[in-house]
Amino acid sequence: MKFLAVLFASFAMFSPLFLAGIRRYTGRKARRALGANIASFFACLTLATVLGIGGSASAAESVAAAASSGLAEGLKYVGAALAVGLSGIGGGIAVAASASSALGAISENDKAFGKALIFVGLAEGVALYGLIVALLLLFA
């Protein structure tokens, strides 16, 4: 049974590639390949959930571990995830704005490269600060 599941999962993962190749060869849009990719992703996800391919822990063990760890432990992980996620989004927005402005400034004046690089680096630092906060939440 596991062999058939792995065979089905591998077929589901590679079928969009075949469809995209056929669409590229014929020159038509790859809308069907995108739909097949989404469908194969959810098919593999459902298959892994039903057959338990992803891990060896049972549901009863995970419920018992969650009950013993308490609410504070779970909120610690939620806080760390929010710190990394939101700072990553903010850093991405900041880098998008500062990098495009930096490229425009460099194209007009080559001497602005050093200042532009500093501003882009400061924007990237926002995401690093979020990662440091998350590590402090998890391990301190």
Side-chain angles (χ1 to χ4, degrees):
M1 184 67 178
K2 295 271 185 174
F3 176 73
L4 291 175
V6 171
L7 184 66
F8 174 73
S10 62
F11 174 73
M13 285 189 326
F14 290 118
S15 64
L17 296 175
F18 295 130
L19 285 173
I22 290 170
R23 293 291 179 176
R24 182 173 289 227
Y25 180 71
T26 59
R28 288 187 273 167
K29 293 184 179 178
R31 186 175 295 159
R32 185 177 290 172
L34 179 64
N37 194 0
I38 292 170
S40 66
F41 171 75
F42 285 113
C44 290
L45 184 68
T46 305
L47 187 66
T49 303
V50 169
L51 294 178
I53 295 172
S56 62
S58 67
E61 291 173 1
S62 64
V63 169
S68 67
S69 64
L71 183 64
E73 187 76 20
L75 288 177
K76 181 172 78 169
Y77 291 118
V78 170
L82 284 173
V84 171
L86 293 176
S87 68
I89 291 171
I93 292 170
V95 166
S98 64
S100 64
S101 299
L103 286 174
I106 292 170
S107 67
E108 291 179 10
N109 184 7
D110 290 338
K111 295 179 182 178
F113 178 74
K115 291 178 186 176
L117 189 64
I118 290 172
F119 285 121
V120 173
L122 287 173
E124 290 176 4
V126 173
L128 291 175
Y129 292 140
L131 180 64
I132 291 170
V133 167
L135 290 175
L136 285 173
L137 281 173
L138 291 176
F139 299 115

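Residue indices begin at 1 and follow the sequence shown.
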*Could you tell me which non-hydrogen atom of Val95 sits nearest to which non-hydrogen atom of Val120, and how far apart they are?*
CG2-O, 4.3 Å
_In one Ile/Leu/Val/Met/Phe/Trp/Tyr side-chain cluster, 4.5 Å: Leu131, Leu138_ = yes
*From Tyr129 atom OH to Glu124 atom CD, the distance as rounded to the nearest 0.5 Å*: 12.0 Å
_Taking every non-hydrogen atom, the tightest pair across Val84 and Ala134_ = CG2-CB, 3.4 Å
*Interatomic spacing from NZ in Lys115 to CG in Leu117 - rounded to 0.5 Å*: 13.5 Å
*Could you tell me the separation between the CD1 atom of Ile118 and the OG atom of Ser98, rounded to the nearest 0.5 Å?*
12.5 Å
*With a 4.5 Å heavy-atom cut-off, do Leu137 and Tyr77 have their side chains touching?*
no
_Quick check: closest heavy atoms across Ala112 and Ala105, and the distance to 0.1 Å?_
CB-O, 4.3 Å
*Between the side chain of Ser100 and the main-chain N/O of Ala97, is any donor-acceptor distance below 3.5 Å?*
yes
